[in-house]
Amino acid sequence: MTQDTQRIDAVMTASPVIPVLVVEDPVKAIPMAQALVRGGLPAIEITLRTQAALEAIRAVAAEVEGAIVGAGTVLDARQYDAVAKAGARFAVAPGATEALMSAAAGHDVPLLPGAATPSEVMRLLEAGYSRLKLFPAEGVGGLALLKALASPLPAARFCPTGGITPANAPAYLALGNVACVGGSWIAPASAISAGDWDGIEQRARQAAALGR
């Protein structure tokens, strides 16, 4: 039950921001992902918050060259099986359970589990997970928490998600224990629904330049 650090690092270092996406229409997932890749954000997280999510993941995995599509809000073994079959390259969870980590151990799809407290980080490190999602980042202490965790828990590296904006993302990315951030501002549901691919690409370009 050990994290595939090499493969999850490839996701976390592909760009400074991983777009966190809620897709209602799988037909729009392909041009959405193409816009994100053109803008310099190849790693994208399609959350399992809609009935269209699995079909959207499947479409992006099959059709969008250069995209590293992952699944977000993965909560249990059944969902893990489903996203793996759909072609997800990584899975993201808001927290971590023994059952979920057991499910991850049975797949080639690496897991980025969530943590919100020092004890949760310690338990995940003991289980072989050193690449973590801090969630909800702003709600649990954000920058101050990450700075406090750096010295006693130096092995942990984070993707803070939840409340991350273009304004505060640079401060997060400047921290040594932050590999990337997750953000929903690049391709909000309203922009996807409207087919605003140019706007999504422009915001992706701006996000890709953060922290560099």
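FYI, the numbering just counts along the sequence from 1.
At least one donor-acceptor pair under 3.5 Å links the side chain of N168 to the backbone N or O of T165. The closest donor-acceptor contact from the side chain of E120 to the backbone of A116 lies under 3.5 Å. A donor-acceptor distance shorter than 3.5 angstrom exists from the side chain of Y80 to the backbone of V109, with no hydrogens or angles considered. For the pair S102 (side chain) and E98 (backbone), a donor-acceptor distance under 3.5 Å is present. Looking only at distances, no side-chain donor or acceptor of R157 sits under 3.5 Å from a matching main-chain atom of M12.
Grouping the Ile, Leu, Val, Met, Phe, Trp and Tyr side chains by contacts below 4.5 angstrom, directly or via other members, places V140 with Y129.
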Exercise for review: Kindly indicate, with the supporting measurements, whether the criterion side-chain contact (heavy atoms from CB on, under 4.5 Å) is fulfilled by L111 and M101.
Suggested key: CA-CA 8 Å; L111 173 65; M101 289 188 289; 4.2 Å; yes
Review point. Taking it one step at a time, do V181 and T161 satisfy side-chain contact (heavy atoms from CB on, under 4.5 Å)?
Key: CA-CA 6 Å; V181 299; T161 305; over 6 Å; no
Practice item. With side-chain contact (heavy atoms from CB on, under 4.5 Å) as the test, would you mind laying out the steps for Y172 and L143 before giving the verdict? Key: CA-CA 6 Å; Y172 277 96; L143 293 166; 3.7 Å; yes
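Atoms CD1 and OG1, from I57 and T47 in turn, are 8.5 Å apart once rounded to the nearest 0.5 Å.
For the side-chain hydrogen bond (donor to acceptor under 3.5 Å, both in side chains) test with R131, the passing option among D9, D4, T5 is D9; the others fail.
Crowding of E55 atom CD: a count of heavy atoms from other residues, nucleotides or ligands under 6.0 Å not exceeding 12.
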